[in-house]
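Heads up: the structure comes next, in structure tokens.
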There are 2 protein chains.
Amino acid sequence: MVKPPNPARRSEHSRQAILTAARELIAEMGYAKLTIEGIAARAGVGKQTIYRWWPSKGAVIFDAFLALSESGPEQGVALPDTGDLEADLKVVMRATVAEFADPAFEGPIRALNAEIVNDPALAAQYREKLGGPVDEAKKARLRNAQRAGQLAADADLDLALELLYAPLYQRWLLRSGPLTPEYADALVEVFLKAMRPDVVR
Amino acid sequence: MVKPPNPARRSEHSRQAILTAARELIAEMGYAKLTIEGIAARAGVGKQTIYRWWPSKGAVIFDAFLALSESGPEQGVALPDTGDLEADLKVVMRATVAEFADPAFEGPIRALNAEIVNDPALAAQYREKLGGPVDEAKKARLRNAQRAGQLAADADLDLALELLYAPLYQRWLLRSGPLTPEYADALVEVFLKAMRPDVVR
DNA sequence: TCTATGAGACGAGACGTTCCGTCTTGACAC
DNA sequence: GTGTCAAGACGGAACGTCTCGTCTCATAGA
């Protein structure tokens with residue numbers, strides 16, 4: 001019974017201000033103290049403008065983070081492929097470690113993850129818009145390695161990806177251990193041992 | 001300047017009622033709708049009694065979950081050790097899958113994890129009281145396997161544990177894929193391939 | 001041994017505050 | 001004119017603090 005708003009008339013300026021304010025406030029005060037009213041005040045925007053375009057706080061955070069990813073360098077789509085799988089993976093994993101340590105990233109990513117844990121719809125949206133494409137790029141790199149005989153040809157790439165990334169992700173999310181470049185390297189090495197092709201077949 | 005309350009005079013009955021109410025309310029309405037006032041009302045307890053003994057909602061959830069673990073069968077301390085590492089691990093991993101699927105566990109564990117993501121103090125408490133002891137039991141089993149020559153003697157057991165459990169945990173927490181007994185088995189198999197001793201040394 | 005007294009935890013709930021999500025207003029743009 | 005905008009008033013929910021009067025229990029005086 002309610003009219004959906006007309007996106008053509010949406011103020012891009014306000015949209016940007018809201019996403020920027022959300023990102024800044026998370027970084028400054030943490031997710032627990034983030035409020036819609038705070039975002040509106042910081043952005044110089046009416047609360048209704050936020051409620052008109054986003055269904056939940058989680059959705060705002062998601063878009064804020066999505067904008068951050070999209071505005072960044074277009075490196076997310078393709079991973080390095082020098083032919084040396086071990087070296088390439090170590091570069092990527094070390095980069096991931098560095099990214100997790102960046103305070104500007106850490107706050108929003110933590111907030112988004114916390115929201116996702118209790119919101120299946122947001123989890124699906126995340127997989128579709130953010131996680132999915134990145135995972136596809138990673139799997140493409142692994143497929144190349146399979147063709148080059150560096151990885152077992154019958155390996156389950158979803159499982160492979162989880163094997164490689166989940167330990168890193170868990171250590172960061174639950175703060176269960178130090179996140180160092182050496183750890184990233186060790187993870188790559190044990191991953192390769194698990195997934196390398198069988199000598200005899 | 002404030003006096004800490006005297007634990008000797010604490011009402012065990014109220015404590016139990018609060019933890020039980022917290023658990024029931026999470027299971028019934030989800031974590032998002034859980035309130036301190038709701039817990040107090042359900043438990044037949046004054047709000048101050050909660051605030052007197054717990055610093056945060058997360059701490060209440062933590063204790064509620066801790067009590068659940070402690071009251072359960074005393075199976076958490078030792079893992080099966082039949083000598084067959086692969087079979088033993090599959091039993092444990094399949095049990096973990098089943099536990100994650102149990103609605104009575106799922107709600108509180110998700111709530112606790114969400115809280116932990118944004119609360120380093122709670123994360124530390126979790127590791128000390130819940131995660132740590134369980135991990136030690138798991139590592140003890142892996143050490144036995146090392147002695148039996150079933151696992152690389154120089155393997156980093158912290159890394160090994162993460163390799164085995166983090167993919168399972170991530171799939172459940174982020175709902176990024178189906179959690180089946182077959183998946184648990186596949187995980188064990190690839191884990192063993194990664195961690196088995198080198199033939200030549 | 002008996003009692004009474006004081007400290008402190010208890011259930012109950014009032015209180016001011018913050019934030020929620022909705023609604024109203026007037027300005028401005030298309 | 002119609003619809004979005006900034007600003008903010010509004011009622012409701014939950015917060016965390018507080019003040020009641022009741023209770024339990026350990027200590028001490030009789």
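All chains are named by letter (A, B, ...) in the order of the sequence lines, taking the proteins before the strands, and each is independently numbered beginning at 1.
- B:Lys193 places a side-chain N or O within donor-acceptor distance of the main-chain N or O of A:Arg196, the cut-off being under 3.5 Å.
- Checking side-chain atoms of A:Gln146 against main-chain N and O of A:Leu151 turns up no donor-acceptor pair under 3.5 Å.
- Here the C1' atom of nucleotide D:dG8 and the CD1 atom of A:Ile36 are 16 Å apart, to the nearest Å.
- The CD1-P distance, from A:Ile50 to D:dA7, rounds to 12 Å in whole Å.
- Judged by the 6.0 Å distance and 45° axis criteria, B:Arg10 is positioned over the aromatic ring of B:Trp54.
- The phosphate of D:dC5 (OP1 or OP2) has a side-chain N or O of A:Trp53 nearer than 4.0 angstrom.
- Regarding A:Arg15, its CZ atom lies at a distance of 14 Å from the P atom of D:dA6, rounded to whole Å.
- With hydrogens and angles left out, the side-chain atoms of A:Asn113 and A:Arg110 include no donor and acceptor closer than 3.5 Å.
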Can you give the donor-acceptor pairs under 3.5 Å from side chains of residues 173-182 of chain B to other protein atoms, not counting sequence neighbours?
from     : atom 1 : to       : atom 2 : distance (Å)
B:Arg175 : NH2    : A:Val117 : O      : 2.9
B:Thr180 : OG1    : B:Glu182 : OE1    : 3.4
B:Thr180 : OG1    : B:Tyr183 : N      : 3.1

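- Whole-Å rounding puts the B:Leu34 CG to D:dA14 C1' distance at 12 Å.
- Between its two ends, the helix from C:dT1-D:dA30 to C:dC30-D:dG1 turns its axis by 10°, counting five pairs per end and rounding to 10 degrees.
- Using modelled atom types, no side-chain atom of B:Asp81 and backbone atom of B:Arg141 make a donor-acceptor pair closer than 3.5 Å.
- Atom CH2 in B:Trp54 sits about 16 Å away from atom C1' in D:dG16, given to the nearest Å.
- Checking C:dG21, D:dG16, C:dA9 against the side-chain heavy atoms of B:Tyr51 singles out D:dG16 as nearest.
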Just the atom pairs and distances: protein N or O near nucleotides 11-17 of chain C's N or O, under 3.5 Å.
from   : atom 1 : to      : atom 2 : distance (Å)
C:dG11 : OP1    : B:Ser14 : OG     : 2.8
C:dG11 : OP2    : B:Gly46 : N      : 3.4
C:dG11 : OP2    : B:Thr49 : OG1    : 2.7

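- Salt bridge B:Glu189/B:Lys90: present, at least one basic N to carboxylate O contact under 4.0 Å.
- Expressed to the nearest 0.5 Å, how far CG of B:Asp158 lies from CG of B:Asp135 amounts to 8.0 Å.
- Atom NZ of A:Lys33 is separated from atom P of C:dC19 by 9 Å (rounded to the nearest Å).
- Rounding to whole angstrom units, CD of residue B:Glu12 and P of D:dC25 are separated by 14 Å.
- Between A:Tyr126 and A:Phe62, the ring-plane angle classifies as perpendicular under the 30° and 60° cut-offs.
- Between A:Gly38 and B:Arg10, the residue anchored nearer the 5' end of DNA chain C, judged by the nucleotide with its closest heavy atom, is B:Arg10.
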